[in-house]
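Atoms considered below: every heavy atom in the structure, side chains included; atoms not considered: hydrogens, waters and symmetry mates. Numbering starts at 1 and runs along the sequence shown.
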Amino acid sequence: QVQLVESGGGSVQAGGSLRLSCAASGWTVNWSAIGWFRQAPGREREGVASIVPGGDPLLYAEFVKGRFIVSQDNGKNTVYLEMDSLKPEDSGMYYCAVSTSVRAQWRLSAADFDDWGQGTQVTVSS
């Protein structure tokens, strides 16, 4: 059974940094990607970044390129999202998710991801 637990969210001022963690259990070779998504109140969930399980980063949303880095510690089955130069528009609930779809190899769409964590809140003040 897949279980994803996010942590590391909090409140920071604009320009600050946070590192989110996603501890994953139920790891399987069928996973094609592990992704980070976010959702602000009244807005749709949007993809932030993804990584190949045990491999390299896959995709970044344009609005985070150069500011966020996705990485993983295979020994701990944990995926990280290092967020720098945070902006107020980065605020929202951040979720990690896993996909078994080949489509996750070339796009960041929530529809392609099967299992989700409960999320961790990020608030960036100006």
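At least one cation-pi condition fails for Arg45 and Phe37: the charged atom is not both under 6.0 angstrom from the six-membered ring centre and inside a 45 degree cone around its axis.
To the nearest 0.5 Å, atoms OH (Tyr95) and CZ (Arg38) are separated by 13.0 Å. Atom CZ in Arg67 sits 7.0 Å away from atom OG in Ser85 (nearest 0.5 Å). Of the inter-residue distances, the one linking Ile34 atom CD1 with Phe113 atom CZ reads 9.0 Å to the nearest 0.5 angstrom. A distance of 7.0 Å separates OG of Ser101 from CZ of Arg107, quoted to the nearest 0.5 Å.
Leu86 is not connected to Met93 by any chain of hydrophobic side-chain contacts under 4.5 Å among Ile, Leu, Val, Met, Phe, Trp and Tyr, and they are in different clusters. In terms of hydrophobic clustering, with Ile, Leu, Val, Met, Phe, Trp and Tyr side chains grouped at heavy-atom distances under 4.5 Å, Leu4 and Val48 are assigned to a common cluster. When hydrophobic clusters are built by joining Ile, Leu, Val, Met, Phe, Trp and Tyr residues whose side-chain heavy atoms come closer than 4.5 Å, directly or via intermediates, Phe63 is grouped together with Tyr94. Hydrophobic clustering keeps Val70 apart from Leu108 (ILVMFWY residues linked when any side-chain heavy atoms are closer than 4.5 Å, directly or through intermediates). Residues Leu81 and Trp116 are members of separate hydrophobic clusters, defined by side-chain heavy-atom contacts under 4.5 angstrom among Ile, Leu, Val, Met, Phe, Trp and Tyr.
The minimum heavy-atom distance between Arg43 and Gln39, with the atom names listed, is O-NE2, 3.1 Å.
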Report task. Show your working on side chain to side chain contact (heavy atoms under 4.5 Å, CB included) between Lys87 and Val124 and close with a plain yes or no. Result -> CA-CA 6 Å; Lys87 306 174 182 179; Val124 184; 5.5 Å; no
Query raised in the report: Going through the distances and angles, do Met83 and Val12 end up as a side chain to side chain contact (heavy atoms under 4.5 Å, CB included)?
Result: CA-CA 11 Å; Met83 306 187 296; Val12 296; over 6 Å; no
Requested in this report: Decide yes or no on side chain to side chain contact (heavy atoms under 4.5 Å, CB included) for Ser32 and Gln105, but give the supporting numbers first.
Outcome: CA-CA 7 Å; Ser32 59; Gln105 296 284 309; 3.6 Å; yes
Query raised in the report: Could you walk me through whether Ser7 and Thr120 pass the side chain to side chain contact (heavy atoms under 4.5 Å, CB included) check?
Result: CA-CA 6 Å; Ser7 61; Thr120 185; 5.5 Å; no
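Thr100 and Asp114 form a side-chain donor-acceptor contact under 3.5 Å, judged by distance and modelled atom types alone.
For Trp36 and Phe68, the gap between ring centers reaches or exceeds 6.0 Å.
Residues Leu58 and Trp106 form no side-chain contact, since every pair of their non-hydrogen atoms from C-beta on lies 4.5 Å or further apart.
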